Amino acid sequence: MLIIPDPALVLLIGPAGAGKSTFAAAHFSPVEIVSSDHLRGLLANDPADQTASADAFRILTLMVAGRLKRRLTTVVDATSLRAANRRKYRSLAARHGIPVVAIAFDLSPRAYHDRNRGRTDRVVDEDVVERQIEGMARTMAALPLEGYAALYVLRDPHESIIAKRHGSA
């Protein structure tokens with residue numbers, strides 16, 4: 001069972017097709033989820049439009065900062081494969097005394113590709129997914145050293161996960 005403090009900053013980490021958005025929708029309120037895909041869709045009418053990514057992530061960071069300032073549980077639904085991005089989010093949370101929980105979706109390369117191809121909303125180019133898979137290997141080595149309040153690693157895309165929320169402060 002995953003135990004998520006409330007409030008918390010929750011980083012969902014994994015390549016396209018990992019199941020991050022599905023997990024977020026199953027375990028968190030829509031207002032708690034800040035999604036890079038959703039923001040790209042709002043900015044460019046297409047969640048896959050990578051030309052909107054820089055603007056989407058500026059907005060995402062502003063939204064995360066505003067929610068943490070208000071001590072609201074916030075879920076970052078993005079790949080979060082870059083150490084610098086994870087560090088930035090941890091710093092924002094620390095500024096407001098909010099614990100950070102990392103949930104890494106460490107699946108087999110085939111699972112990422114199969115799940116990506118099976119998506120109904122958008123399919124990410126296989127070369128992009130392959131680069132993300134390579135980044136995930138580096139990320140998995142770094143995560144235990146980054147100082148999270150909790151680090152959960154999900155390895156089976158079909159396992160039933162129950163997230164329990166509890167007040168932390």
Side-chain angles (χ1 to χ4, degrees), residues 1-42 47-48 56-57 59-82 85-90 92-94 96-108 111-124 129 132-133 135-136 139-140 142-144 146-169:
M1 178 183 317
L2 282 73
I3 298 176
I4 310 292
D6 189 16
L9 175 61
V10 180
L11 300 180
L12 303 181
I13 302 166
K20 299 178 302 293
S21 298
T22 301
F23 178 88
H27 298 290
F28 298 94
S29 164
V31 297
E32 294 175 316
I33 303 165
V34 184
S35 164
S36 58
D37 287 346
H38 180 71
L39 292 171
R40 276 191 293 271
L42 290 173
F57 278 96
I59 294 167
L60 187 142
T61 300
L62 284 170
M63 292 178 74
V64 168
R67 289 185 59 79
L68 295 177
K69 177 180 174 182
R70 290 164 179 81
R71 301 192 59 75
L72 298 171
T73 290
T74 303
V75 179
V76 176
D77 181 5
T79 62
S80 295
L81 295 173
R82 292 187 175 128
N85 292 344
R86 295 189 307 273
R87 188 170 36 256
K88 172 179 62 177
Y89 298 133
R90 288 194 315 273
L92 282 171
H96 300 288
I98 304 290
V100 183
V101 174
I103 303 175
F105 294 75
D106 188 27
L107 312 180
S108 71
Y112 294 125
H113 284 295
D114 288 350
R115 291 172 61 91
N116 179 53
R117 282 191 294 272
R119 295 165 95 180
T120 57
D121 54 345
R122 71 180 187 97
V123 176
V124 176
V129 175
Q132 292 175 351
I133 291 168
M136 186 65 179
T139 297
M140 288 306 298
L143 287 175
E146 292 181 349
Y148 295 99
L151 169 59
Y152 298 104
V153 178
L154 307 182
R155 291 198 165 88
D156 179 354
H158 303 292
E159 72 182 309
S160 177
I161 300 297
I162 299 170
K164 179 180 176 185
R165 310 269 297 273
H166 70 84
S168 66

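Values below: every heavy atom of this structure, side chains too, minus hydrogens, waters and symmetry copies. Fair warning: this is a prediction, and the values are worked out from it, not measured in the lab.
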If you round to the nearest 0.5 Å, how far is [atom2] of [Y] from [atom1] of [X]?
{"X": "R40", "Y": "S35", "atom1": "CZ", "atom2": "OG", "result": "7.5 Å"}
{"X": "S36", "Y": "I59", "atom1": "OG", "atom2": "CD1", "result": "11.5 Å"}
{"X": "L154", "Y": "L2", "atom1": "CG", "atom2": "CG", "result": "6.0 Å"}
{"X": "F28", "Y": "I4", "atom1": "CZ", "atom2": "CD1", "result": "4.5 Å"}
{"X": "Y89", "Y": "L11", "atom1": "OH", "atom2": "CG", "result": "8.0 Å"}

Would you call [X] and [Y] a side-chain contact if the rule is heavy atoms closer than 4.5 Å?
{"X": "M1", "Y": "Y152", "result": "no"}
{"X": "L143", "Y": "I13", "result": "yes"}
{"X": "I3", "Y": "V101", "result": "no"}
{"X": "V10", "Y": "F23", "result": "no"}
{"X": "V153", "Y": "M140", "result": "yes"}
{"X": "T61", "Y": "L92", "result": "yes"}
{"X": "D37", "Y": "D77", "result": "no"}
{"X": "L39", "Y": "M63", "result": "yes"}

Would you say NE2 of H96 has more than 12 non-hydrogen atoms from neighbouring residues, nucleotides or ligands within 6.0 angstrom? yes
Determine yes or no for a side-chain-to-main-chain donor-acceptor pair under 3.5 angstrom, with S80 supplying the side chain and R86 the backbone. no
F105 backbone acceptor or donor facing K20 side chain under 3.5 Å: no
Applying side chain to side chain contact (heavy atoms under 4.5 Å, CB included) to N85 and V76, what does each step give before you reach the verdict? CA-CA 11 Å; N85 292 344; V76 176; over 6 Å; no
Test side chain to side chain contact (heavy atoms under 4.5 Å, CB included) on M136 and Y112 and set out the steps. CA-CA 11 Å; M136 186 65 179; Y112 294 125; 3.7 Å; yes
Taking all non-hydrogen atoms of both residues, which atom of [X] and which atom of [Y] are closest, and how far apart?
{"X": "L12", "Y": "A24", "answer": "CD1-CB, 3.7 Å"}
{"X": "R67", "Y": "T73", "answer": "NH2-O, 2.7 Å"}
{"X": "L68", "Y": "L72", "answer": "CD2-O, 4.1 Å"}
{"X": "I98", "Y": "P7", "answer": "CD1-CG, 3.6 Å"}

